[in-house]
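A quick write-up on the structure given underneath.
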Amino acid sequence: MKILITGGAGFIGSFLSEAYLERGDEIYVVDDLSTGSLSNISHLISNSHFHFVNDTILNREVMMELVGICDIVVHLAAAVGVKLIIDEPLKSIHTNIAGTETVLELANKFRKMVLLASSSEVYGSNSRVPLSETDTRIYGPTQILRWSYAASKAMDEFLALAYYRTKKLPVIIARFFNTVGPRQTGRYGMVIPRFIGQALKNEPLTVFGDGAQTRSFTYVEDLVRGIIGLIDESRAVGEVFNIGGEGEISINDLAKRVISVTQSSSQIRHIPYDEAYQEGFEDMQRRVPDISKIKDLIGYENTYSLDDILLKVTDFERDRLGD
Ligand code: UDP
């Protein structure tokens with residue numbers, strides 16, 4: 001099959017490309033290298049089944065050609081990372097809304113299936129544990145920029161479901177919870193690459209707020225198996241799925257684990273949210289997915305523990321730092 005991966009030079013997209021290539025599929029990646037990078041896909045470029053187009057999903061002409069060629073679109077391209085959303089709100093909102101609209105409109109024109117990557121951010125500050133796909137979304141005021149990401153992803157979901165209902169376009173929505181692994185950059189705020197980078201340099205680990213907030217982390221290869229499994233399952237069409245890890249850990253405990261795994265002499269430094277992000281910033285206190293829906297449908301399982309993940313990211317970051 002020919003698969004178009006928007007944002008395929010990003011951290012998740014590069015692993016998804018690899019997995020599909022291993023299966024013998026042909027991959028077309030469109031990526032503007034805004035948060036993705038050529039180094040993520042440099043090992044794939046020489047593969048004759050891998051095609052890379054350096055452009056934005058907002059370029060309708062380019063997208064028309066690519067969607068026309070491919071059988072399936074996996075739409076990963078988006079402005080991601082809390083820090084990026086806050087630093088560049090206009091560009092982020094435009095990419096996430098107009099970009100997805102272009103992808104869906106063209107997929108409908110050529111009648112191609114779309115898997116839309118959504119996010120656990122859509123649940124907002126609902127800290128129910130675990131969060132299931134039909135749970136309520138709770139958002140703060142529009143003056144707090146972080147909510148624009150949740151709102152834009154929710155609008156993408158509405159749009160995709162509207163295409164499914166009104167045009168019978170085959171769409172699948174996957175809500176990714178905190179996904180981690182090698183190649184993820186800490187530049188846009190993601191906590192694990194940041195902590196590991198800090199620990200390897202023996203710098204203080206920057207815990208935002210009081211560190212009592214929790215997250216569940218998934219390894220990127222598990223997530224990728226989930227994505228491919230959903231696309232291969234016809235009963236997934238028209239549905240929304242959580243994909244994420246099952247363990248829950250506080251950010252304070254995560255910092256301690258990182259220090260121990262990396263054998264670092266770093267200290268932990270707490271930084272108020274106002275300083276870390278924006279005045280009035282609101283964080284999610286807990287975010288744990290209910291993954292029974294994807295488990296029941298495709299037998300999804302997480303196979304990597306948090307320590308496995310931390311070791312893999314540590315190895316990668318050590319190489320990157322040239323140790
Ligand atoms: N965080 C932190 N220090 C950092 C980066 C992030 O304490 O240097 C916290 C952040 O405030 C959040 C959690 O770690 O509570 C996860 O942040 P991330 O940006 O990785 O993902 P989010 O779940 O916020 O989308």
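Whatever order the structure lists them in is the order used to number ligands and atoms, beginning at 1. Bear in mind that the values here come from a model prediction, so they are computed numbers and not experimental data.
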Contacting atoms of ligand 1, where contact means under 4.0 angstrom from a heavy atom of [X]:
X    : result
Y277 : 6 (C), 10 (C), 11 (O)
V207 : 7 (O)
R194 : 4 (C), 5 (C), 8 (O)
N178 : 21 (O), 22 (P), 23 (O)
E121 : 25 (O)

Identified side-chain hydrogen bond (donor to acceptor under 3.5 Å, both in side chains) partner of T206 from the options H270, E275, Q198, R269: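 Exactly one pass, corresponding to Q198.
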Option from T95, T6, D156 for which side-chain hydrogen bond (donor to acceptor under 3.5 Å, both in side chains) with T100 holds: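 Result: among T95, T6, D156, D156 is the only option passing the side-chain hydrogen bond (donor to acceptor under 3.5 Å, both in side chains) with T100.
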ILVMFWY network linking V73 to Y28, side-chain heavy atoms under 4.5 angstrom: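 V73 clusters together with Y28.
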ILVMFWY cluster, I251 and V261 together (side-chain gap under 4.5 Å):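 In one cluster with I251: V261, yes.
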F15 and F11 aromatic ring geometry - parallel, tilted or perpendicular at 30°/60° bounds: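 F11 and F15: perpendicular rings.
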Distance under 6.0 Å and angle within 45° of ring axis: R175 vs Y123: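 Judged by the rule (NZ or CZ under 6.0 Å from the ring centre, within 45° of its axis), R175 counts as positioned above Y123.
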Test: K293 cationic atom under 6.0 Å from F241 six-membered ring centre, within 45° of axis: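 Yes.
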Checking a contact table here: which protein heavy atom is nearest [atom], and how many Å away?
atom                    : result
atom 20 (O) of ligand 1 : V191 N, 2.8 Å
atom 24 (O) of ligand 1 : R215 NH2, 3.6 Å
atom 7 (O) of ligand 1  : F208 N, 2.8 Å
atom 13 (C) of ligand 1 : I251 CD1, 3.7 Å
atom 15 (O) of ligand 1 : D283 OD2, 2.5 Å
atom 22 (P) of ligand 1 : R287 NH2, 3.2 Å
atom 5 (C) of ligand 1  : G189 O, 3.1 Å
atom 9 (C) of ligand 1  : Q213 NE2, 4.0 Å

Full working for salt bridge (charged side-chain N to carboxylate O under 4.0 Å, His left out) between D253 and K256: CA-CA 5 Å; D253 286 345; K256 288 181 204 149; 3.6 Å; yes
T206 and ligand 1 - part of the residue with a heavy-atom distance under 4.0 Å: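 Both of them.
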Donor-acceptor pair between W147 and E282 side chains, under 3.5 angstrom: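 Yes, side-chain donor-acceptor contact under 3.5 Å.
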